[in-house]
Amino acid sequence: MTASEIKIFDDPLAVAQGLTDDVVAVLENQNTIHFALSGGSTPQVLFKLWADQFATKIDWSKIHFWWSDERCVPPDDPESNFGVVQQLLFSRISIPESNIHRMRGESNPEAEAARYGEQLRQHLPIENGRPAFDIVMLGMGGDGHTASIFPHQMELLDAESDCAVAVHPDSGQRRITLTGPVLNNARLVAFLITGEGKREMTKTILNGHEDSRLYPTAWIKPVGQLNFYLDRAAAGNLT
Ligand code: 6PG
């Protein structure tokens with residue numbers, strides 16, 4: 001995999017600060033950005049940092065928040081990616097409601113995937129025939145999945161649709177996910193990967209091991225910048 005930049009930090013908070021520095025730099029040059037958030041536990045340190053230290057340092061009205069994926073659960077469910085951001089960030093900053101574009105996990109999955117895809121095309125610029133995000137933040141599962149594109153559903157990497165229904169391989173939980181062509185149409189893809197549990201998969205992906213082709217993360221090759229923000233625990237002996 002050809003990363004544009006691999007940035008290694010001491011700990012998850014430093015990772016969050018490193019990404020924030022780059023987000024602030026993007027904001028300096030644009031009036032509005034479209035930013036897709038990833039879910040799971042890794043980005044929670046980022047949302048807390050933004051609420052604690054950037055509530056008044058960032059003009060949140062310049063950012064339209066979208067999601068890379070969402071679990072098919074109501075927004076008040078502990079599993080909800082939106083619910084986590086609402087609790088940790090949105091409840092503590094001033095941001096217009098109209099800037100928050102959540103995937104409706106409580107809706108019929110197929111209908112929501114179609115609706116979200118339409119919303120993307122209404123709000124985002126269309127480049128290369130696809131909605132173009134300024135920033136897409138992604139995490140990586142220990143199985144090499146990203147967003148909700150899992151190894152057993154590699155076809156989502158080149159789906160015709162912009163947004164699709166996926167299924168978690170273990171729990172069977174249904175998910176709404178952006179598809180590969182939209183993720184790869186971003187101007188900046190920022191992977192946030194922390195913790196020793198991700199070390200082996202991170203090494204496999206970033207060293208371009210032949211097995212990496214089995215994992216969705218290895219197929220994220222955006223038209224724009226591809227940055228990895230790692231802590232030392234995840235980076236291991238990567239240089
Ligand atoms: C989700 C995420 C998913 C996540 C990885 C890593 O909805 O779970 O979008 O792709 O980024 O599974 O999750 P952790 O950060 O919890 O390890």
Scan side-chain atoms only and decide if [X] and [Y] contain a donor-acceptor pair under the 3.5 Å cut-off.
{"X": "S148", "Y": "D69", "answer": "yes"}
{"X": "R121", "Y": "Q119", "answer": "no"}
{"X": "N108", "Y": "E112", "answer": "no"}

Quick check against the 3.5 Å criterion: does [X] have a side-chain atom that pairs as donor or acceptor with the backbone of [Y]?
{"X": "D211", "Y": "T204", "value": "no"}
{"X": "W219", "Y": "R213", "value": "yes"}
{"X": "T217", "Y": "G144", "value": "yes"}
{"X": "S212", "Y": "H209", "value": "yes"}
{"X": "S91", "Y": "Q87", "value": "yes"}
{"X": "N99", "Y": "I63", "value": "yes"}
{"X": "R130", "Y": "P181", "value": "no"}

Out of curiosity, [X] [atom1] to [Y] [atom2], how far, rounded to the nearest 0.5 Å?
{"X": "E70", "Y": "S38", "atom1": "CD", "atom2": "OG", "result": "11.5 Å"}
{"X": "I33", "Y": "L188", "atom1": "CD1", "atom2": "CG", "result": "9.0 Å"}
{"X": "Y116", "Y": "S161", "atom1": "OH", "atom2": "OG", "result": "14.0 Å"}
{"X": "I135", "Y": "D22", "atom1": "CD1", "atom2": "CG", "result": "8.5 Å"}
{"X": "D59", "Y": "N31", "atom1": "CG", "atom2": "CG", "result": "9.5 Å"}

*Verdict with supporting geometry, T177 and L156, side chain to side chain contact (heavy atoms under 4.5 Å, CB included)*: CA-CA 9 Å; T177 188; L156 293 175; 4.2 Å; yes
Ring centroid separation [X] to [Y] under 6.0 Å:
{"X": "F47", "Y": "F90", "result": "no"}
{"X": "W67", "Y": "F82", "result": "yes"}
{"X": "F65", "Y": "H101", "result": "no"}
{"X": "H34", "Y": "H123", "result": "no"}

_In terms of relative ring orientation, are H145 and H168 parallel, tilted or perpendicular, with 30° and 60° separating the classes?_
perpendicular
_Residue K203 excluded, over 12 heavy atoms near NZ under 6.0 Å_ =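 Check fails, neighbour count at 12 or below.
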*In this structure, are over 12 heavy atoms from other groups packed under 6.0 Å from E160 atom CD?*
no
Write down the atom of [X], the atom of [Y], and the distance for their closest heavy-atom approach.
{"X": "A55", "Y": "R92", "answer": "CB-O, 4.1 Å"}
{"X": "A113", "Y": "C163", "answer": "O-CB, 3.4 Å"}
{"X": "S68", "Y": "V136", "answer": "OG-CG1, 3.9 Å"}
{"X": "G105", "Y": "R102", "answer": "N-NH1, 4.1 Å"}
{"X": "A159", "Y": "T179", "answer": "CB-CG2, 3.7 Å"}
{"X": "M140", "Y": "T202", "answer": "CE-OG1, 3.5 Å"}

*Tell me, please, whether W60 has K62 positioned over its six-membered ring: NZ or CZ under 6.0 Å from the ring centre and within 45 degrees of its axis?*
no
_Chi angles and distances behind the side chain to side chain contact (heavy atoms under 4.5 Å, CB included) call for I220, T146_ = CA-CA 9 Å; I220 301 304; T146 191; 3.8 Å; yes
*asked:* Test side chain to side chain contact (heavy atoms under 4.5 Å, CB included) on L138 and L183; report intermediate values, then the result.
replied: CA-CA 9 Å; L138 292 172; L183 300 177; 4.1 Å; yes
_Short N-O contact, R187 and E127, less than 4.0 angstrom_ = yes
_Regarding R232 and D11, does a basic nitrogen lie under 4.0 Å from an acidic carboxylate oxygen?_
no
*Answer yes or no: is there a side-chain heavy-atom contact under 4.5 Å between F35 and D134?*
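Not touching, per the 4.5 Å side-chain cut-off.
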